[in-house]
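Worksheet: one structure, shown below.
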Amino acid sequence: MRYPHAEIESKWQGFWEEKQVYKTDFSNIDKKLYHLNMFIYPSGAKLHTGHWYHYGPSDSWARYKRLRGYNVFEPMGYDAFGLPAENNAIKTGIHPLENTLQNIKDIKVQLKKIGCMYDWNTELMTCVPEYYKWNQWLFLQLYKKGLAYRKKAPVNWCPNDQTVLANEQVHDGKCERCGTEVIQKNLSQWFFKITEYAEELLQGLDTINWPDKTKLMQRNWIGKSIGAEVDFKVYLPLGTVDGFNEVIKIFTTRPDTLFGATYMVLAPEHPLVDKLTTRELKTKVEEYKESIKSLTEIERTSTVKEKTGVFTGAFAINPVNNKKIPIWIADYVLLTYGTGAIMAVPGQDERDWEFAEKFNLPIIRTVQPPDDFTGKAYLEDGPAINSEFLNGLFVEDAKKKINHWLEDNRIGKATVNYRLRDWLISRQRYWGTPIPIIHCEKCGEITVSEDELPVELPYDVDFKLGGESPLARNEKFINVKCPNCNGSAKRDPDTMDTFVDSSWYYFRFLNPKFSEGIFDKSVSDNWVPVDMYVGGAEHATMHLLYARFIHKFLRDLGLAKGDEPFQTLVHQGTITNAGAKMSKSKGNVVNPDLFTSKFGSDVFRLYLMFMGPYDMGGDWSDKGISGTDRFVNRVYDLFNEFKDLQNETTVKEKYDLNSLSDQDKFVYRKVNQTLHKVGEEINHFRFNTAIASLMELLNNFKDISTCSKEIQLYALQRLAIMVSPLAPHLGEECWSLLGNSTSIFEKPFWYQVDESALIEDTVSIAVQVNGKLRATIDAPLNSEQEAVKKLIFNEEKVTRHTAEKTIVKEIYVKNKIYNIVVK
RNA sequence: GCCGAAGUGGCGGAAUUGGUAGACGCGCUGGACUCAAAAUCCAGUAUGGCUCACCCCAUGUGCCGGUUCGAGUCCGGCCUUCGGUACCA
């Protein structure tokens with residue numbers, strides 16, 4: 001009989017919903033397990049195969065944990081603000097709110113079809129005032145602590161989206177979302193001071209169970225480097241105006257090479273450049289700065305590009321030897337890193353060497369390279385040379401000594417620098433959380449008071465592109481009385497990056513209707529951190545870093561207990577189609593409905609899991625789905641064959657192997673071996689091998705009709721339970737076919753493995769001659785070498801290769817291998 | 001360039017601490033059932049050689065070399081693909 005998937009799925013989904021099987025009891029915290037999936041962005045493209053691949057297997061893991069006695073909380077919600085809804089509005093005229101709500105409605109229907117254990121009582125969306133009010137509250141807390149601030153900064157501007165993009169959102173100089181070439185623009189922007197937590201964000205990585213790859217990416221992103229800051233005085237020729245006492249501060253990781261600094265380089269945008277440049281070179285410098293401006297960030301920072309730069313005419317004094325060194329500007333020095341100025345030490349830096357060679361600047365080695373060294377700049381360790389009081393010291397010691405010297409002479413100090421930059425949260429867009437700030441000409445920046453929150457996003461706006469942002473153009477919204485002086489003032493026209501929404505949503509899930517605070521601390525104290533977090537690796541340096549930062553901030557406010565939000569992290573792999581990531585714009589989205597309508601949800605879920613390792617993903621192909629379809633049908637047929645078996649016989653928890661017939665023993669062993677294996681595999685997200693071992697077990701049930709009824713029942717009960725996390729509807733149906741009136745997930749349990757049944761009586765031992773397999777023999781378990789030896793030298797296959805040769809050595813590994821070495 | 005991951009049959013992929021390479025599935029071939037087809041079931045399926053009949057022999061986990069009784073697994077040197085990053089001083 002064909003497995004009637006549509007009927008069975010709606011039956012069990014209806015049952016789970018009606019009985020509220022997946023409603024979480026938050027008061028039961030003994031074996032609490034917060035299982036979170038990155039929530040979904042409700043786009044018009046609806047659910048595609050990639051979403052299924054993320055949510056289906058992840059739910060199977062959670063179901064397994066539930067069967068093992070955990071009180072699992074698995075929520076789902078919508079990351080509902082963001083650019084695409086607004087872009088869609090610009091294109092179609094449909095309001096982002098209407099559009100988003102409709103998408104959510106559609107997506108929810110699709111989500112339910114997967115058959116996950118989502119607790120729909122805690123569903124949330126970020127685009128409603130009840131949620132985004134707390135973004136604003138969070139903003140105010142950050143503001144109070146000086147961790148939210150505004151500054152003018154060159155930002156990435158997408159001319160198409162008319163919005164600012166974070167560095168992380170620019171790929172290959174193009175807008176991550178629409179692919180338009182990004183240009184630079186100077187705007188007043190809001191930032192969150194994530195850099196304040198740089199060190200802790202780095203240290204905390206050692207305490208969490210995340211993929212090494214992801215931790216490494218965060219480490220690199222934070223980019224800690226230890227070095228020193230050194231002040232270089234600007235050289236004042238005779239006759240220069242007195243009072244010009246500028247100092248150029250540089251950052252270096254190699255203070256030990258200070259004696260080799262033969263010139264300086266400032267970033268072209270460095271504020272001192274205009275002051276320093278001599279009259280004769282003004283035009284040249286201006287020309288250079290202009291030429292840089294037209295370059296995109298990518299062209300400018302390309303490593304293959306030849307070095308460019310110009311001399312400013314000014315000189316600085318190297319503080320260690322009072323030598324006069326020229327000051328240049330060059331685009332390979334970035335204003336945004338360190339101090340925007342470097343001392344150039346061509347002897348020990350490849351970039352400086354290249355630059356020095358091109359512009360004929362002097363090169364002094366300050367570390368002695370080995371005799372056979374043939375390269376240019378020498379970056380390795382060695383004794384210092386040409387460095388007076390540092391001479392002879394190796395790099396580490398030289399660094400220590402020069403740092404002391406710098407501090408003693410008040411010229412500089414040891415310091416630590418991070419690559420991490422502050423989090424730019426402003427978006428000149430409509431569809432997001434309004435920033436709760438009022439700008440008054442008299443009083444300046446005024447915060448909206450907490451009891452005035454939320455600052456509601458107005459519905460009626462002109463969200464057409466161009467010029468000012470939609471909120472800035474909305475008179476009703478933007479014009480407001482100053483809370484301080486009651487004069488006319490304006491609201492901040494920006495909205496927040498949606499990563500703000502997702503930086504704390506896991507707290508909110510625990511009680512999304514809570515109105516007395518950002519979240520219900522009485523629940524979150526027991527349920528945060530998230531025990532298992534599953535989501536895409538593309539968030540490694542954005543969402544996952546921001547969320548850690550905000551968690552630490554909330555902890556400092558006394559709202560969270562631990563230091564980290566996500567204890568264990570797993571990335572599902574990416575499913576590509578024809579080698580490319582699935583996206584609506586590429587038109588290569590695979591619609592799961594095609595398969596679920598034909599095969600059913602469980603078959604599709606099984607197939608996605610069976611394709612390969614979960615964290616690897618892979619290129620989509622529907623070849624092979626018939627394999628899991630056959631499996632499901634065979635299982636279903638088997639249970640129909642033994643329908644109501646529970647009414648015919650009773651079964652024990654455990655059987656003595658010696659009391660069983662050969663066939664019973666065989667099945668009993670295979671069942672227990674599989675039970676052991678399947679649990680282990682699911683626990684480690686290895687669904688493909690879990691399913692393979694279930695298929696193997698099913699193959700071993702070929703002659704199950706010759707088993708005793710007891711063992712038949714023993715086997716089928718366990719099969720139903722093992723199937724249920726992976727194919728939940730099928731599992732429930734099989735369980736009920738046996739004659740059960742309860743649901744597996746309503747009264748979850750897992751069978752104990754009979755350890756004594758894991759071991760076989762006989763083992764097959766590989767016999768090798770000189771490492772080559774010549775025969776395999778069966779021997780009783782744990783046979784001694786002498787006994788095995790007798791067996792193998794009776795084998796013609798073996799003696800053929802040992803005859804007329806000298807046996808040099810024999811190696812026996814119990815139950816595994818017998819290797820004879822001959823000459 | 002740097003950092004990271006991965007290269008195994010026609011295909012997706014298995015393989016504890018080094019110990020029988022190719023589990024499981026797809027596909028394919030042959031057979032059973034059928035008037036026929038689909039579905040299902042049974043058997044076979046790494047490559048080459050021998051009379052593929054049965055044994056058997058040789059080769060084989062990206063390439064070259066090494067360690068070892070024994071290497072997909074460990075070591076050294078490459079090649080290719082995919083991710084991350086882009087002069088970070």
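Side chains are part of it too, since the values below use all heavy atoms of this structure and drop only hydrogens, waters and symmetry mates. Each chain gets a letter, A, B and so on, in the order its sequence line appears, and its residues count up from 1.
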Sugar-phosphate only, base, or nothing, as touched by A/Arg774 at under 4.0 Å among non-hydrogen atoms: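 Sugar-phosphate, backbone atoms only, no base.
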Sugar-phosphate, base or nothing in reach of A/His571, heavy atoms under 4.0 Å: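 The residue A/His571 makes no contact with any strand.
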Nearest-Å distance for atom pair [atom1]/[atom2], residues [X] and [N]:
X	N	atom1	atom2	value
A/Asp619	B/C26	CG	C1'	16 Å
A/Leu216	B/G4	CG	C1'	7 Å
A/Leu335	B/C87	CG	C1'	15 Å
A/Asp629	B/C24	CG	P	20 Å

Per-nucleotide protein contact string for nucleotides 15-23 of chain B, where B marks a base within reach and S marks sugar-phosphate only (heavy atoms under 4.0 Å, - for neither): --B-BB--B
Stem regions touching RNA chain B, defined by at least 3 consecutive Watson-Crick or wobble G-U pairs below 3.5 angstrom: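 RNA chain B stems, ordered by first number: B:1-7 with B:79-85, B:10-12 with B:24-26, B:27-32 with B:40-45, B:46-49 with B:56-59, B:62-66 with B:74-78.
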Residue met sooner reading RNA chain B from 5', once A/Met616 and A/Arg351 are mapped to nucleotides: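 Its nearest nucleotide lies further toward 5', so the answer is A/Met616.
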Whichever of A/Gly340 and A/Arg800 has its nearest RNA chain B nucleotide further upstream toward 5':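 Its nearest nucleotide lies further toward 5', so the answer is A/Arg800.
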Minimum-distance nucleotide to A/Asp349 side chain [options: B/A89, B/G25, B/C87]: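 Selected nucleotide (nearest to the side chain): B/A89.
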Residues, nucleotides or ligands: over 12 heavy atoms within 6.0 Å of A/Asp381 CG: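 Enclosed.
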Qualifying side chain to side chain donor-acceptor pair (under 3.5 Å) pairs with a residue from residues 612-621 of chain A, counting only residues at least two apart or across chains: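 For residues 612-621 of chain A, and leaving out neighbouring residues, the side chain to side chain donor-acceptor pair (under 3.5 Å) pairs sorted by first residue read A/Thr576-A/Asp619.
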A/Tyr263 and A/Phe355: CA distance, side-chain angles, deciding distance, ring pair (Phe, Tyr, Trp, His ring centres under 6.0 Å) verdict: CA-CA 10 Å; A/Tyr263 63 102; A/Phe355 194 82; 5.6 Å; yes
Syn-anti status, with the boundary at 90° from 0, for the nucleotide B/G31: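 Anti, which is what one calls it when the glycosidic angle falls more than 90° from 0.
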Atom pair OG1/NZ of A/Thr415 and A/Lys249 - distance to nearest 0.5 Å: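 One finds 9.0 Å between OG1 of A/Thr415 and NZ of A/Lys249.
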